[in-house]
Asks: 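Let me give you the structure first, and then I'll get to my questions.
Hydrogens, waters and symmetry mates are skipped; everything else that's a heavy atom, side chains included, is used.
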There are 2 protein chains.
Amino acid sequence: MNEIEKFKEKLKDKGYKLTTQRRVILDVITENRDKHLSSEEIYDLVRLKYPEIGLATVYRTLQLFEELGIVYKLNFDDGRNRYELYHNENHQHHHLICLKCGAVIEMEGDLLENLEEAIEETKDFEIIDHNVKFFGYCSKCRSRYN
Amino acid sequence: MNEIEKFKEKLKDKGYKLTTQRRVILDVITENRDKHLSSEEIYDLVRLKYPEIGLATVYRTLQLFEELGIVYKLNFDDGRNRYELYHNENHQHHHLICLKCGAVIEMEGDLLENLEEAIEETKDFEIIDHNVKFFGYCSKCRSRYN
DNA sequence: TTGACAATTGAAAATGAATATCATAAACTA
DNA sequence: TAGTTTATGATATTCATTTTCAATTGTCAA
Ligand SMILES: [Mn+2]
Ligand SMILES: [Mn+2]
Ligand SMILES: [Zn+2]
Ligand SMILES: [Zn+2]
């Protein structure tokens, strides 16, 4: 079963229809799997392939994709939602955000075992997901420091 | 030197004036040091003491307090800014947010040594601050699970 | 203590991301 | 293909936050 078929099935499962718009939006996100695009950035890219699309459709579709577990919503504190393709391992990649140039670097590996264990024990809190961001200076920006 | 004097000095240092509005806003935040209030919640509390204050002043002041390191801006993904008093240790308390009741629990202690070390080494990234949130179910919500 | 001047304020308008509304259009299904 | 349902695009709306600007207030030197 190919990618599109899987996608179609995921939609059909919940009574959603496969539309050109949804397909194009998925394409754009897939072609930019390394990026962390905002809704409007996605809108702009989608319009290159499908100029008639409406902005509301993009917003609606991103919401839908999040529900379906196709996409993961990110918050980089820049006042807009950002999205990345959901890969199973999502619960263990962190984002490093450069305070100077805004670069976003991914850190694979969870490495939160200590902390999560301490939380579950001392706070009796069942962790479902986490959101870990580091702010600082990337290597480029460090070299041309002051 | 008392609290107000310190505050006055912090302002004067950068050419800011000590106004009644700023003093009242600081009071409200201080009296709620255990909470994580949003801008509008702060506005409502401030109005009880100083009804003539304008909403814009509250927003402006919270921004200013953040610049001055008096207050720390939080993002709990609920579409509004929240603030807490800055205490030196800020770089090491995490927030646990209950997905059911919205409770916010604080987890003292950093416990990110492993992770931060790995980042600084493998990514050559200098960490200035981090933002760590855990989403899950608090003990109350766990007991009346389903 | 006063006055000059810069900083601050409140009210109101403006912004910007996201959502809601609704008539029309496309997808699915029998 | 017809009939039903879901989806779409254009537009209006919401809501938090920011901007604007005339009027007020705090500071500090004289
Ligand atoms: Mn990522
Ligand atoms: Mn806190
Ligand atoms: Zn950088
Ligand atoms: Zn709870």
Side-chain angles (χ1 to χ4, degrees), chain A residues 4-5 7-28 36-68 70-71 73-83, chain B residues 4-5 7-28 36-68 70-71 73-83:
Chain A
I4 299 284
E5 286 304 312
F7 175 51
K8 202 168 175 176
E9 197 140 300
K10 233 176 204 175
L11 289 171
K12 199 162 59 179
D13 266 12
K14 311 227 169 129
Y16 297 121
K17 295 174 177 173
L18 176 60
T19 63
T20 315
Q21 289 87 338
R22 287 175 178 165
R23 209 194 284 245
V24 175
I25 292 170
L26 181 65
D27 285 347
V28 163
H36 304 87
L37 299 174
S38 69
S39 312
E40 295 240 11
E41 285 167 347
I42 292 170
Y43 175 56
D44 289 339
L45 291 170
V46 167
R47 261 194 308 181
L48 298 176
K49 302 179 181 234
Y50 194 107
E52 321 86 286
I53 202 166
L55 177 57
T57 301
V58 174
Y59 275 100
R60 278 186 294 237
T61 304
L62 291 171
Q63 268 188 188
L64 177 65
F65 283 6
E66 205 204 352
E67 276 173 45
L68 297 177
I70 291 169
V71 119
K73 181 158 70 171
L74 307 166
N75 185 329
F76 289 171
D77 289 312
D78 60 352
R80 61 198 60 197
N81 290 337
R82 299 188 167 274
Y83 296 89
Chain B
I4 299 284
E5 284 306 311
F7 176 51
K8 201 166 173 177
E9 196 140 301
K10 231 175 206 178
L11 289 171
K12 200 161 60 178
D13 266 12
K14 311 226 172 128
Y16 298 120
K17 294 174 178 170
L18 176 60
T19 63
T20 315
Q21 290 88 337
R22 287 176 179 165
R23 209 194 284 243
V24 174
I25 293 170
L26 181 65
D27 284 347
V28 163
H36 303 88
L37 300 173
S38 69
S39 313
E40 296 238 13
E41 287 167 344
I42 292 169
Y43 175 55
D44 289 340
L45 291 171
V46 167
R47 259 194 308 180
L48 298 176
K49 302 176 181 239
Y50 194 109
E52 322 86 285
I53 202 167
L55 178 58
T57 300
V58 174
Y59 274 97
R60 278 185 294 235
T61 303
L62 290 170
Q63 269 185 188
L64 177 65
F65 283 6
E66 205 206 352
E67 277 173 45
L68 296 179
I70 292 171
V71 119
K73 181 158 71 173
L74 307 165
N75 185 329
F76 290 170
D77 288 312
D78 59 352
R80 62 200 58 200
N81 291 335
R82 298 186 168 275
Y83 296 88

Asks: A:Ala56 side chain: which of D:dA10, D:dG26, C:dA11 is closest?
Replies: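 In terms of side-chain proximity for A:Ala56, the closest of D:dA10, D:dG26, C:dA11 is D:dA10.
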
Asks: Under 4.0 Å between a side-chain N/O of B:Gln63 and OP1 or OP2 of D:dT18, yes or no?
Replies: yes

Asks: Strictly below 4.0 Å, N to O, side chains only: are A:Glu67 and A:Lys14 in salt-bridge contact?
Replies: no

Asks: In whole Å, what is the span from the CG atom of B:Leu11 to the C1' atom of C:dA7?
Replies: 12 Å

Asks: List the atom of B:Ser38, the atom of B:Arg82, and the distance in Å for their closest heavy-atom pair.
Replies: N-NH1, 3.5 Å

Asks: Hey, is the side chain of A:Tyr59 poking within less than 4.0 Å of OP1 or OP2 on C:dT19, counting only N and O atoms?
Replies: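 Result: no.
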
Asks: How close or far is atom P of D:dG9 from atom OH of A:Tyr43, stated in whole angstroms?
Replies: 9 Å

Asks: Mapping B:Arg82 and B:Lys12 onto DNA chain D by nearest heavy atom, which one lands closer to the 5' end?
Replies: B:Arg82

Asks: Does the salt bridge (charged side-chain N to carboxylate O under 4.0 Å, His left out) test come out yes or no for A:Asp44 and A:Arg47, once each step is laid out?
Replies: CA-CA 5 Å; A:Asp44 289 339; A:Arg47 261 194 308 181; 2.8 Å; yes

Asks: Find the distance A:Leu64:CG to C:dT19:P and express it as a whole number of Å.
Replies: 13 Å

Asks: Does A:Thr57 have a side-chain nitrogen or oxygen under 4.0 Å from the phosphate oxygens OP1 or OP2 of D:dG9?
Replies: yes

Asks: May I ask you to verify if any side-chain N or O of A:Gln21 is less than 4.0 angstrom from the OP1 or OP2 atom of D:dG9?
Replies: yes

Asks: In this structure, how many angstroms lie between the C1' atom of D:dT5 and the CG atom of A:Leu18, rounded?
Replies: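 So the two atoms are 16 Å apart, to the nearest Å.
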
Asks: Please state whether the phosphate of D:dA7, meaning OP1 or OP2, lies under 4.0 angstrom from any side-chain nitrogen or oxygen of A:Arg22.
Replies: yes

Asks: Within this structure, what is the CG-to-P distance between B:Leu55 and D:dT17, rounded to whole angstrom?
Replies: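 After rounding, the gap between these two atoms is 9 Å.
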
Asks: Tell me the interatomic distance from B:Ile25, atom CD1, to C:dT9, atom P, rounded to whole angstroms.
Replies: 7 Å

Asks: Could you walk me through whether A:Thr57 and A:Arg60 satisfy the side chain to side chain donor-acceptor pair (under 3.5 Å) test, starting with their C-alpha distance in whole Å, then the side-chain angles of each, then the deciding distance to 0.1 Å, before giving a yes or no?
Replies: CA-CA 5 Å; A:Thr57 301; A:Arg60 278 186 294 237; 3.3 Å; yes

Asks: Between C:dA27, C:dA17, C:dA11, which one does the side chain of B:Arg60 approach most closely?
Replies: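 Nearest to the side chain of B:Arg60 among the choices is C:dA11.
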
Asks: Would you indicate which nucleotide in C:dA27, C:dT9, C:dC28 comes nearest to any side-chain atom of B:Thr61?
Replies: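 Nearest nucleotide to the side chain: C:dT9.
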
Asks: Of the options A:Tyr59, A:Tyr83, A:Tyr16, A:Phe7, which is the one that meets A:Phe65 in a ring-ring contact (aromatic ring centres under 6.0 Å, His included)?
Replies: A:Phe7

Asks: Using a cut-off of 4.0 Å on non-hydrogen atoms, how would the nucleic acid contact of A:Tyr50 be classed: base, sugar-phosphate, or nothing?
Replies: sugar-phosphate

Asks: Take the protein atom CD of A:Glu52 and the nucleotide atom P of D:dA7, then report the distance between them rounded to whole Å.
Replies: 19 Å

Asks: If you compare every side-chain N and O of B:Asn81 against the phosphate oxygens of D:dT17 (OP1, OP2), does one of them come in below 4.0 Å?
Replies: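 Yes, B:Asn81 has a side-chain N/O under 4.0 Å of OP1/OP2 on D:dT17.
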
Asks: Work out which heavy atom in B:Leu37 is nearest to a heavy atom in B:Glu41; give both atom names and the distance.
Replies: CA-OE1, 3.3 Å

Asks: Calculate the interatomic distance between B:Arg80 atom CZ and C:dA17 atom C1'; express it in whole Å.
Replies: 15 Å

Asks: Pick base, sugar-phosphate or nothing for A:Ile53, based on heavy-atom distances below 4.0 Å to the nucleic acid.
Replies: sugar-phosphate

Asks: Return no unless some side-chain N or O of B:Ser39 is found under 4.0 Å from OP1 or OP2 of D:dT17.
Replies: yes

Asks: Any donor-acceptor pair under 3.5 Å between the side chain of A:Lys17 and the base of C:dA26?
Replies: no

